[in-house]
Amino acid sequence: MMKRVFLAVIATFAIPVSVSAISAEDVVKKLEKNTVINTAWTDGYLIIHDRFGTKKTTFISHSKGADTMLIEFTSAEEEGMKILRTSNEIYLYYPDAEELIRMQGAALKESVLGSDMSYEDMTGDKSLLQSYRVNLEGIKEVDGAPCYKVSLEAKSSDVPYYKEIMWIDKELFMYRQVHKFSRSGKLLKEISIDDIRQVSGKNIPFHMVLKDALKKNSSTEFFINDIKINLHLDPDIFSLEELTW
Amino acid sequence: MLNAEMSTSIKLTLLNTLARMDEDYWSLSGLGTGRLTFKAVKNKNVKAQLSLDAQVADTAIFDISRALIKVRFPGFRATLGKARVSWGEGFFYNAGDVIFGASALSLDMTAEELRDDAAWLTSVFVPLGTYSFLETILLAPELSLSELTDNTDVLPPHISDTQAGGRVVTRIHGIKTEGGYLYGGIEAAHKPYLSFQGHLLVDWHLSASVSIPTESPDVSVLRESLHLSWGIYHMQDLLHGTSLFFRLEGLFIPDASWSEKNSSTEDVEYALMLYPEISWSVNDSLSLILRNIVSPVDLSALITAGINWNIYEGLKVLSFMTVQAGETTDIYGWNKPGGIGVTAGFQFTY
């Protein structure tokens with residue numbers, strides 16, 4: 001009998017103990033360790049939904065670390081259009097016009113190809129812990145998976161979103177859901193991930209839905225067809241030369 | 001196998017246009033334009049493109065707008081053929097564009113890109129780091145095949161008609177900086193230019209160029225040929241995910257005319273021209289656009305207002321109304337042919 005009571009007490013305190021056993025900083029560090037990939041080649045597509053229907057855009061991307069990426073769109077309407085994102089710059093290249101555009105200031109708020117993602121969403125060279133104060137708010141289930149609920153509040157104004165709440169899978173250390181807010185507390189973006197697969201020891205989201213909360217009847221789905229990680233990439237691939245090739 | 005390495009795309013624009021040609025005559029006509037593009041895409045070190053343009057009415061006029069091969073060698077790459085080249089900064093006015101001119105040549109104010117000119121060129125592109133490169137260019141005059149075949153006395157272009165030059169693009173203290181030079185063979189002129197692009201509250205760009213005759217150059221020619229262009233661009237988020245985009249560009253030619261002239265009897269170049277544009281992105285598929293070319297000296301303007309509706313994947317519904325505001329002697333005039341016009345149709349890319 002005493003043994004049962006003891007087990008019940010242990011069980012009662014199990015969740016709080018497990019929450020306090022890991023700090024918000026540790027959760028975010030483990031998340032970044034999983035999500036930041038040395039190098040990757042990705043073949044994927046976007047499906048943009050709005051009130052008039054859907055639009056599919058295919059792409060191939062090369063990425064290095066958390067802040068360096070070259071995306072080339074391959075679908076007919078956007079074919080050859082490229083985006084180069086480096087630690088502190090975003091450039092666009094339109095092949096028909098042979099035009100090289102540096103995205104700055106307000107232009108970063110523009111939507112990428114009419115999707116729910118803005119160029120600003122691609123920026124940010126610092127780690128989350130450098131940019132945000134983090135707080136662990138408990139454990140919640142998202143789609144049946146136990147997740148750490150972590151709130152983030154900006155330390156300075158140089159981030160696109162003042163506040164974020166992340167639901168981070170306890171086992172996989174990958175977002176299941178993210179809500180992004182303005183300084184006034186208005187919900188701006190929602191991200192949800194429902195297909196996480198392990199590739200070369202990393203948990204990779206193969207399907208993600210991004211919603212711009214300010215738009216009605218709009219969402220963008222990101223699908224990965226194929227991904228190769230930790231492959232050798234020529235550093236020159238992330239340059240204006242490659243962008244304009 | 002070869003087909004698998006080629007991508008094909010077609011952009012078809014079909015429009016009906018209602019236009020007033022004079023007080024008693026209104027025109028209603030249909031015109032289609034198409035661009036068929038073949039691209040070689042799979043070869044890592046060689047790219048090629050052939051684009052055929054057609055204007056289709058009762059008959060068709062064909063043009064080859066792009067025909068180029070790009071080859072990547074260790075340390076540099078070369079482009080040969082009829083290709084687009086974009087020097088300087090500016091959506092409509094760009095004094096740094098010493099190749100095609102400071103004003104966009106396109107009269108189609110409904111086009112997504114107002115600068116789409118291509119030239120027969122040989123260029124070498126040398127990367128100088130992540131954000132910097134050097135480009136040299138040789139613009140050999142295009143052969144007029146029709147004249148050569150029709151008339152045996154016609155000679156191919158003289159070597160002195162060639163244009164050649166180069167540019168360096170880099171980033172200095174966060175400002176995209178571009179400097180270049182073109183020798184203009186037909187005009188026998190040296191054309192240096194500088195362009196800058198940055199962000200300070202709004203996105204901005206600034207370009208300047210001069211054209212110095214090779215024979216008997218004089219200091220005064222610097223002022224006479226100086227072209228300055230500038231532009232600002234800003235986007236303002238509005239409620240419910242809508243956005244307003246503002247663009248204002250200007251072309252300043254200090255030595256051009258500051259007083260009104262009769263544009264119906266002489267070529268007129270005024271000291272100041274403006275290009276204001278406002279577009280309202282109602283959502284990601286629907287935009288309302290107001291584009292104007294304003295001549296402050298004679299107080300005339302070309303005003304284009306329209307709708308660009310990306311209704312289905314690849315399909316756009318285009319509808320524009322163009323009005324020329326001004327007198328008959330102004331650059332733009334209500335009584336000029338096309339003083340008012342309405343254009344509507346579809347554009348489909350597949």
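Below, chain A is the first sequence line, B the second, and so on; all start at residue 1.
- Atom NZ of A:K186 has 12 or fewer neighbouring heavy atoms from other residues, nucleotides or ligands inside a 6.0 Å radius.
- When heavy atoms are compared at a cutoff of 4.5 Å, A:E78 does not approach chain B at all.
- When the shell of 6.0 Å around NZ of A:K211 is examined, it contains 12 or fewer heavy atoms from other residues, nucleotides or ligands.
- If you tally non-hydrogen atom pairs under 4.5 Å between each of B:F133, B:F245, B:Y131 and chain A, the highest count goes to B:Y131.
- Of the two parts of A:L243, neither the backbone nor the side chain holds a non-hydrogen atom closer than 4.5 Å to a non-hydrogen atom of chain B.
- Atom CD1 in A:I101 sits 9.0 Å away from atom OH in B:Y233 (nearest 0.5 Å).
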For this session: Report the C-alpha separation of A:E242 and B:R72 in whole Å, then their side-chain angles, then the decisive distance to 0.1 Å, and conclude whether the side chain to side chain contact (heavy atoms under 4.5 Å, CB included) test is met.
Result: CA-CA 10 Å; A:E242 185 65 34; B:R72 184 147 63 178; 2.9 Å; yes
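- Taking A:D121 as the reference, A:M117, A:S118, A:Y161, A:K189 meet the side-chain contact (heavy atoms from CB on, under 4.5 Å) condition, with sequence neighbours excluded.
- Using a 4.5 Å cut-off between heavy atoms, A:S75 makes no contact with chain B at all.
- Residue B:K176 qualifies as enclosed at atom NZ: its count of foreign heavy atoms under 6.0 Å is above 12.
- Counting heavy-atom neighbours within 6.0 Å of A:I47 CD1, excluding the residue itself, gives a total above 12.
- Other residues, nucleotides and ligands place more than 12 heavy atoms under 6.0 Å from the CH2 atom of A:W41.
- Heavy atoms of B:K11 lying under 4.5 Å from chain A are absent altogether.
- Proximity to chain B involves both the backbone and the side chain of A:T244, based on heavy atoms less than 4.5 angstrom apart.
- The residue among B:Q49, B:H234, B:Q197 with the most heavy atom pairs within less than 4.5 Å of chain A is B:Q197.
- With rounding to the nearest 0.5 Å, the separation of CZ in A:R102 from CZ in B:R171 is 6.5 Å.
- For chain B, the option among A:E77, A:Q104, A:K55, A:E98 with the highest count of heavy-atom pairs below 4.5 Å is A:Q104.
- The contact between B:T349 and chain A is made entirely by side chain atoms (from C-beta outward), counting heavy-atom distances below 4.5 Å.
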For this session: Step by step, work out the side chain to side chain contact (heavy atoms under 4.5 Å, CB included) result for B:K47 and A:W245.
Result: CA-CA 8 Å; B:K47 284 191 173 183; A:W245 168 244; 3.5 Å; yes
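- Put simply, of B:E89, B:K70, B:R77, the one with the most heavy-atom pairs under 4.5 Å next to chain A is B:R77.
- Only the backbone of B:Y350 comes within contact range of chain A, judged by heavy atoms closer than 4.5 Å.
- For B:W309, the part lying near chain A is the side chain, with the backbone staying farther off; criterion is any non-hydrogen pair under 4.5 Å.
- No more than 12 heavy atoms of other residues, nucleotides or ligands lie within 6.0 Å of CZ in B:F346, so this atom counts as exposed by the packing criterion.
- A side-chain donor from one of A:E79 and B:S7 sits under 3.5 Å from a side-chain acceptor of the other.
- Contact annotation for B:Q236: neither backbone nor side-chain heavy atoms come within less than 4.5 Å of a heavy atom of chain A.
- For A:R133, the CZ atom counts as densely surrounded, since its 6.0 Å shell holds more than 12 non-hydrogen atoms of other residues, nucleotides or ligands.
- B:S9 approaches A:A76 most closely through the heavy-atom pair CB-O, 4.5 Å.
- Contact annotation for A:Y91: only side-chain heavy atoms (C-beta onward) come within less than 4.5 Å of a heavy atom of chain B.
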